[in-house]
Amino acid sequence: AKIAEWIEQEYFHPTRLKSFSYYQLYIETINLYDLSALSPQNPSVLTSTVDHHGNPLMHAQSVIEFERTYEDYIKTTTQSSKWADFVSTQLRGRMNNSQLIFTIDYNETSLEAIYDVPDLPFDYGFWIINGFLGLMILVAICGNLHNRFGWGTGNAKGCAPVDNGNWIALIVYGLQIYDMVSDINLTTEIFQAINNRECDVDPELFGTPCAVDQNLDGDDPASVDTLQEYALIAAGVLSLTFLIIPYGLNVAYAARIPSSNEIKRNVSARAWFETYQTLFIIL
């Protein structure tokens with residue numbers, strides 16, 4: 001633990017890494033032994049590995065936790081031979097060992113930055129649309145009970161008849177809105193995948209690789225040339241088509257309702273539509 005603390009101190013830089021709260025070094029194993037194996041009763045752990053001259057080697061496998069902002073500095077410093085020489089000088093003084101040599105043994109696989117999986121952002125859309133559907137169901141149920149038992153009216157027979165007492169209609173309306181929003185969300189995600197916007201630098205960490213990031217053999221990221229990419233485009237076009245056509249037909253039908261004979265013969269209905277026709281078509 002003390003050695004880790006000493007090495008950790010050498011990463012400190014007054015301008016580039018000026019706080020120990022930004023990083024921390026941990027030694028996980030020494031000579032492939034877990035730290036729990038180190039004890040005065042088991043000194044062979046520290047001498048189990050020697051160089052070609054018979055000098056003992058202490059190979060420490062270490063991990064540095066740091067804020068991502070300082071990744072370049074940590075990597076550059078760790079790979080610097082001048083920095084290793086400086087650490088050797090400091091450790092010789094601290095451990096009173098003039099023969100001590102500190103080096104970094106690394107290759108492309110042993111020295112790498114492993115990023116923590118970021119927390120998923122709060123999905124406001126998901127909760128808003130589900131809350132809206134839940135509200136529609138709640139209001140519909142309360143309306144049904146109100147009509148049946150006369151809640152709040154003082155009339156045990158319930159409310160007076162209305163034009164349409166079908167309390168299920170409000171739930172159906174909520175489901176229609178839910179279906180439309182989910183279709184829009186699906187279409188958006190498909191076209192994001194086509195444009196490769198949802199992929200990050202590390203697709204294995206952040207999710208399934210997109211169709212245009214060369215995750216398939218022979219894939220040219222600048223063109224549509226694989227079956228997966230053609231399938232994504234077809235899915236996006238079909239999803240958009242089946243979103244626009246039903247909504248367009250519904251709008252056309254809603255626009256003709258105010259001019260129907262039933263509405264024309266009803267003075268109250270005609271007056272209502274003259275005031276709220278635009279709102280009715282949107283809903």
Does [X] belong to the same Ile/Leu/Val/Met/Phe/Trp/Tyr cluster as [Y], with side-chain heavy atoms less than 4.5 Å apart forming each link?
X	Y	value
Tyr26	Val87	no
Leu138	Leu175	no
Tyr230	Leu238	no
Val251	Met180	yes
Ile141	Leu133	yes

Distance from [X] atom [atom1] to [Y] atom [atom2], nearest 0.5 Å?
X	Y	atom1	atom2	answer
Ile74	Arg16	CD1	CZ	10.0 Å
Tyr178	Asp183	OH	CG	11.0 Å
Leu170	Leu135	CG	CG	8.0 Å
Leu91	Glu10	CG	CD	7.0 Å
Thr78	Ile64	OG1	CD1	4.5 Å
Ile177	Met136	CD1	CE	9.0 Å

Applying side-chain contact (heavy atoms from CB on, under 4.5 Å), can you list everything that pairs with [X], at least two apart in sequence or on another chain?
X	value
Ser21	Ser19
Ile128	Tyr124
Ile244	Leu240

For Ile7 and Phe102, run side chain to side chain contact (heavy atoms under 4.5 Å, CB included): C-alpha distance rounded to whole Å, both residues' side-chain angles, the deciding distance at 0.1 Å, then the answer. CA-CA 10 Å; Ile7 298 174; Phe102 174 85; 3.6 Å; yes
For the student: nearest non-hydrogen atoms of [X] and [Y], plus distance:
X	Y	result
Ile171	Ile137	CG1-CA, 4.0 Å
Leu25	Glu8	N-OE1, 2.8 Å
Glu71	Phe66	CA-CE1, 3.5 Å
Phe191	Val237	CZ-N, 4.2 Å
Arg270	Ile263	CB-O, 3.7 Å
Phe132	Gly174	CE2-CA, 4.0 Å

Exceeds 12 heavy-atom contacts within 6.0 angstrom, atom CG of Asp123: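 Atom CG in Asp123 is crowded, with more than 12 foreign heavy atoms closer than 6.0 Å.
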For Leu249, the rest of its hydrophobic cluster, which grows through side-chain links under 4.5 angstrom: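 For the cluster that includes Leu249, the remaining residues are Ile245.
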How would you list all residue pairs meeting side chain to side chain donor-acceptor pair (under 3.5 Å) that involve residues 81-92, not counting sequence neighbours?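 Applying side chain to side chain donor-acceptor pair (under 3.5 Å) to every pair that reaches into residues 81-92, excluding sequence neighbours, yields nothing.
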Mind jotting down which residue pairs meet the side chain to side chain donor-acceptor pair (under 3.5 Å) criterion with at least one end in residues 238-263? Sequence neighbours excluded, please.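 Applying side chain to side chain donor-acceptor pair (under 3.5 Å) to every pair that reaches into residues 238-263, excluding sequence neighbours, yields Thr187-Ser239.
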Under the 3.5 angstrom rule, does the side chain of Thr76 hit a backbone N or O of Tyr73 as a donor-acceptor pair?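 Answer holds: no.
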Measuring only between side-chain heavy atoms, which start at C-beta, is Asn144 closer than 4.5 Å to Ile168?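 Asn144 does not reach Ile168 side chain to side chain.
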Residue from Tyr22, Tyr23, Phe12, Tyr11 passing ring pair (Phe, Tyr, Trp, His ring centres under 6.0 Å) with Tyr70: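 Answer after filtering Tyr22, Tyr23, Phe12, Tyr11: Tyr22.
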